[in-house]
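Ligands are counted one by one from 1 in listed order, and the atoms in each one are counted from 1 as well. Just so you know, these numbers come straight off a predicted model, no measurement behind them.
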Amino acid sequence: MGKLGLGVAVGCAVASCAIAAVVVGRRVRSRKQWWKVVTAVDEFEEAASTPVGRLRQVVDAMAVEMHAGLASEGGSKLKMLLTFVDNLPDGSENGIYYALHVGGTNFRILRIQLGGQRSILGHDVERKPIPQHLMTSTSEEFFDFIALSLKDFVERKGDNLQFSQVRGKDLGFTFSFPVKQTSVSSGTLIKWTKGFAIEDMVEKDVVECLQKALSRRGLDMNVAALVNDSVGTLAVGHFLDKDTVAAVVIGTGTNACYLERADAVIKCQGLLTTSGGMVINMEWGNFWSSHLPRTSYDIDLDAESQNPNDQGFEKMISGMYLGDIVRRVIRRMSLESGIFGPLSSKLSKRFVLSTPLMAAMHEDDSPDLSEVAKILEETLDIRDIPLKVRKIVVKVCDVVTRRAARLAAAGIVGILKKIGRDGTGGIAGGRIKGIKSGKMRRTVVAVEGGLYTSYTIFREYLNEAVAEILGEDIAPYVILKVMEDGSGIGAAMLAASNSARSVDTVQVL
Ligand code: ADP
Ligand code: MG
């Protein structure tokens with residue numbers, strides 16, 4: 001080899017060493033970054049973990065807080081509101097009834113025909129968007145719009161014949177905003193939420209406002225029941241199955257209600273009901289306990305929310321928030337490593353990743369997780385990430401959803417514990433080994449809301465956790481039943497069962 005040849009050979013060797021060093025350096029760096037990401041996910045999973053022992057602590061805390069909220073006004077973060085619903089529909093109701101459901105940007109008008117013997121002969125629903133400008137207008141304009149829409153619906157359904165029957169005129173009203181109920185068919189608005197701001201309505205009786213609008217529009221109907229969505233769900237659950245004792249809504253937000261003994265409502269001494277019971281609206285979204293597995297992502301989400309220190313349980317469970325928790329975890333991983341490419345500005349936008357999109361990534365069963373790749377690209381501007389990183393994203397979705405579903409399950413068992421339907425001795429009793437299943441009564445919980453009805457993995461995790469907490473002796477006695485559209489139909493059924501009684505059956509001495 002000549003001098004030139006040697007020089008070239010040495011030069012090549014140096015160059016390839018340098019390239020090798022760069023490659024190795026990159027590999028080491030990428031391995032380090034990968035390790036950081038795996039550690040971040042492991043830490044998150046640990047902080048968000050819900051072993052059955054912890055869930056049982058949440059069950060106990062829920063039952064104790066329920067008790068405290070019933071003992072005194074402001075005694076707990078759980079408001080435990082009286083609904084004045086003392087009798088639930090029992091299936092004997094019959095006739096045609098209407099209901100209105102005002103709960104968010106859409107409202108629904110419903111018509112049901114009940115045939116007695118737990119039968120629903122007909123059922124029509126119409127959804128209508130509420131025009132944006134009406135959400136901040138006056139109560140008169142707002143309710144005029146509702147009354148007109150109802151009138152149009154009633155006329156189209158052609159129930160003129162039935163209108164001669166008194167029962168055909170009864171209307172249920174589901175109003176999913178905080179209301180201080182004063183009877184089963186009256187209540188004042190405490191405050192608006194969800195973007196509504198019709199100031200002249202605050203502290204007014206919402207039924208009175210609706211009733212006046214109905215008269216202005218010449219609609220001779222009577223608002224016989226004012227309920228929130230969880231109470232509506234309990235009503236339809238009870239209509240279909242008399243063993244239904246509680247209802248849970250898990251949609252954009254979350255709430256629960258249940259049938260309580262009137263004498264257990266200690267804060268309302270002298271509460272008399274003909275049935276001896278009363279449906280309690282727990283407003284459980286605001287539940288809090290130190291046993292809840294809270295992570296740094298939850299703390300940040302709460303601090304940046306419109307209502308810090310409020311609705312803590314809801315922020316871990318409901319559809320409004322789950323996608324945003326996942327976004328926060330991906331953002332942290334992206335900040336700490338380069339595996340998601342350059343930091344996307346979209347990752348800093350709150351609520352950019354909705355829960356249905358998160359669920360679609362979670363449920364992606366394609367071999368290369370192409371749906372995950374598509375959603376990351378379209379929603380978060382994250383492109384060309386390898387399969388192992390997509391798998392990490394699915395893992396994060398799983399951790400968030402599993403925790404949410406299992407905590408909701410613990411909440412449900414907490415209610416059962418409070419009313420002595422969980423197979424233990426109630427609040428005072430501990431867990432009894434070898435329970436006699438003969439002592440257990442069949443117990444049904446009605447469940448409504450998009451997260452439970454449309455997100456299969458969420459539903460499966462929730463069902464599984466309820467069974468795990470209760471144990472194999474008790475679990476077969478507890479049934480969770482889906483009630484789609486339950487809140488609206490239930491209000492119509494309550495209108496039916498309340499119109500059947502002409503006297504007020506609840507007395508507060
Ligand atoms: P709302 O609570 O507003 O009355 P729904 O009960 O229909 O409405 O629930 C809607 C919520 O449920 C959405 O905000 C969304 O978070 C969640 N959701 C709906 N569909 C799905 C889905 N396929 N996967 C996951 N979450 C869903
Ligand atoms: Mg709803």
Sequence neighbours excluded, the answer for side-chain contact (heavy atoms from CB on, under 4.5 Å) partners of V202 is L189, W192, E199
Going by salt bridge (charged side-chain N to carboxylate O under 4.0 Å, His left out), name the residues that satisfy it together with D229, two or more places apart in sequence or in a different chain.
none
Ring-face cation of R402 near Y461 (centre distance under 6.0 Å, axis angle within 45°):
yes
Would you say CD of E46 has more than 12 non-hydrogen atoms from neighbouring residues, nucleotides or ligands within 6.0 angstrom?
no
Residue shell around ligand 1, heavy atom under 4.0 angstrom:
G251, T252, G319, T355, P356, A359, G449, G450, L451, S454, Y455
Pair listing, side-chain hydrogen bond (donor to acceptor under 3.5 Å, both in side chains) test, anchored in residues 382-393, at least two apart:
E377-R383, D381-R383
Side chains of M62 and K418: does their closest heavy-atom pair fall under 4.5 Å?
no
